[in-house]
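Notes for the one structure printed next.
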Protein chains: 2
Amino acid sequence: MSLIPQTVREQVTNQIRIDLLSGRFPAGTMLREIELAERFGVSRGPVRDAFIQLSHEGYLAYQANRGVMVRHPPDPKDREFITSLRLQIETYVIERGLTDKDPDSVQSVEVALERLKEACDAAEPTQVAIRDIEFHQQILLACGGDDLVPTWRQLCSRMLLTYTRLGDYNQAYSEHVAIFEPFRDNDLKKTIAAVRANIK
Amino acid sequence: MSLIPQTVREQVTNQIRIDLLSGRFPAGTMLREIELAERFGVSRGPVRDAFIQLSHEGYLAYQANRGVMVRHPPDPKDREFITSLRLQIETYVIERGLTDKDPDSVQSVEVALERLKEACDAAEPTQVAIRDIEFHQQILLACGGDDLVPTWRQLCSRMLLTYTRLGDYNQAYSEHVAIFEPFRDNDLKKTIAAVRANIK
DNA sequence: ACGATGTATACTGTTAACAATTATCCCCCC
DNA sequence: GGGGGGATAATTGTTAACAGTATACATCGT
């Protein structure tokens, strides 16, 4: 897949995001541009761009002339609230656009599901978390929800920092199969139910 | 205020945001780094940073190797949904943190209210829209909601593009006075009611 | 006349050097 | 011995030059 060469900024952003999710940078750590630039073998520019982007995604906090700090995950009550917002967005977008979806998009979702399966089989927590989100994103895009995706992604980012699905990877996968099948068949009620069961 | 010299990036970002809100750049327009850099008399770097930031705020859409495009405002149904999310966040944060707020923060809110008044008196639509949002943001920060502010801001950005309060500036101001007074006096019920009345 | 192909151009993506700011540490003074 | 002040170092902010990519246009072949 993705024969299209990614831009350096995207690669750097993705790698830092993975490092954040995998706990390589503990909350409260100050990230230095030079250090990361040298590690990736690139200049400070793209690293800087990545910092700005990840700040807006909610992973990092920017402080003028001082750099970025790794944010702390939300406390349980906030997490619950954020989860409810996330669920509302997914429900709204699916209800609105499920039956009007572009046929090609079903395949994109299926690809995302397959990638999730690979991550589950490999039992790599960070990859599972990322593929999980990507699957849901493909669903939203398929239902014409690109307008709300940035907001939704920000909410997910906050949740991912406390992603707790250690162990039962098989269940994680099957829950998404339970979403995909009614989605593919335009069964609105079952799709929503499966999403509600998955996000909690 | 703000005797602290802002960074160039912030100034550029703010100015472009104002231009977007005031309709200087119609939806669908492609923004060019060089053009804006020359207009502000700065290099492309900060303009680029501003583009990334404004993309995440929801104003612009990034296209790899092609630049940024001014996004279209959301359609009425989406706008209604976004409004409900925004209201939920404000309600949640205020309910959670109103009584624990830092005394100093009351003054910040009062300053924001005063600025809003100035904009209303001057009858400048764009400034009213910006001061309006800043007032609400100060409320959220006062109630310890900094964790949710980025998400909230993104939702507001989408709404601002269809900000429609042309004319009744006096009412806009008085609605915010109605929020401030119970906020200052720790009257949770009245504060929430006033917020609900204001956001619609 | 029409389409494919190659070239020119205009833009974004990246880099490295320079400027400005902030943090650190040592010295001096009390 | 403890606290302020100033040189020094480390880091971010900004700039301008260079590289890469996509679009537009002209040219060529049919």
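In this text, all values refer to a predicted model and were calculated from it rather than measured experimentally. Naming: A, B, ... by sequence-line order, numbering from 1 per chain.
Near DNA chain C, meaning a heavy atom under 4.0 Å away, the residues from residues 57-66 of chain B are Y62(B), N65(B), R66(B). Within residues 45-56 of chain B, the residues having any heavy atom closer than 4.0 Å to DNA chain D are, in order of number, G45(B), P46(B).
Note on D78(B) versus R158(B): no salt bridge recorded, every NZ/NE/NH1/NH2 to OD/OE distance being 4.0 Å or above. With salt bridges taken as basic N to acidic carboxylate O contacts below 4.0 Å, none links E35(A) and R39(A). The pair R131(A)-E134(A) counts as a salt bridge, with a side-chain nitrogen and a carboxylate oxygen less than 4.0 angstrom apart.
Between F81(A) and Y92(B), the ring-plane angle classifies as parallel under the 30° and 60° cut-offs.
Counting to the nearest Å, the P atom of dT11(D) and the CG atom of L31(A) are 12 Å from each other. The distance from atom CD of E10(A) to atom P of dG13(C) is 9 Å, rounded to the nearest whole Å. The interatomic distance linking I34(B) (CD1) with dA17(D) (C1') rounds to 13 Å, in whole Å. Residue E35(A) contributes atom CD, which lies 15 Å from atom C1' of dT12(D) at whole-angstrom precision. Look at CE on M30(B): it is 12 Å from C1' on dA10(C), rounded to the nearest Å. Summarising the geometry, the separation between CE on M69(A) and P on dT11(D) is reported as 18 Å, rounded to the nearest angstrom. Nucleotide dG20(D) holds its C1' atom 14 Å from the CD atom of E33(B), rounded to whole Å. Put simply, CD on E38(B) is 13 Å from P on dA10(C), counting in whole angstrom units.
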Solution key, residues 41-52 of chain A side-chain donor-acceptor pairs under 3.5 Å, sequence neighbours excluded:
{"residue": "R44(A)", "atom": "NE", "partner": "E33(A)", "partner atom": "OE1", "Å": "2.8"}
{"residue": "R44(A)", "atom": "NH2", "partner": "E33(A)", "partner atom": "OE1", "Å": "2.9"}
{"residue": "R48(A)", "atom": "NH1", "partner": "E33(A)", "partner atom": "OE2", "Å": "3.0"}

Candidate pair E10(B) and N14(B), rule side-chain hydrogen bond (donor to acceptor under 3.5 Å, both in side chains), full reasoning: CA-CA 6 Å; E10(B) 287 176 79; N14(B) 288 335; 5.7 Å; no
Chi angles and distances behind the side-chain hydrogen bond (donor to acceptor under 3.5 Å, both in side chains) call for E175(A), Q171(A): CA-CA 6 Å; E175(A) 277 181 16; Q171(A) 195 199 337; 2.8 Å; yes
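Taking side-chain N and O atoms only, T7(A) has a distance below 4.0 Å to OP1 or OP2 of dT14(C).
Closest to the side chain of R44(A), from the set dC18(C), dT12(C), dT14(C), is dC18(C).
The nearest heavy atom of DNA chain C to R9(A) and to R32(B) marks one nucleotide each, and the one closer to the 5' end goes with R32(B).
Listed here is the closest heavy atom pair of Y169(A) and E124(A): OH-C, 4.5 Å.
Although no hydrogens or angles enter the test, the distance criterion places a donor-acceptor pair under 3.5 Å between the side chain of S157(A) and the main chain of E57(A).
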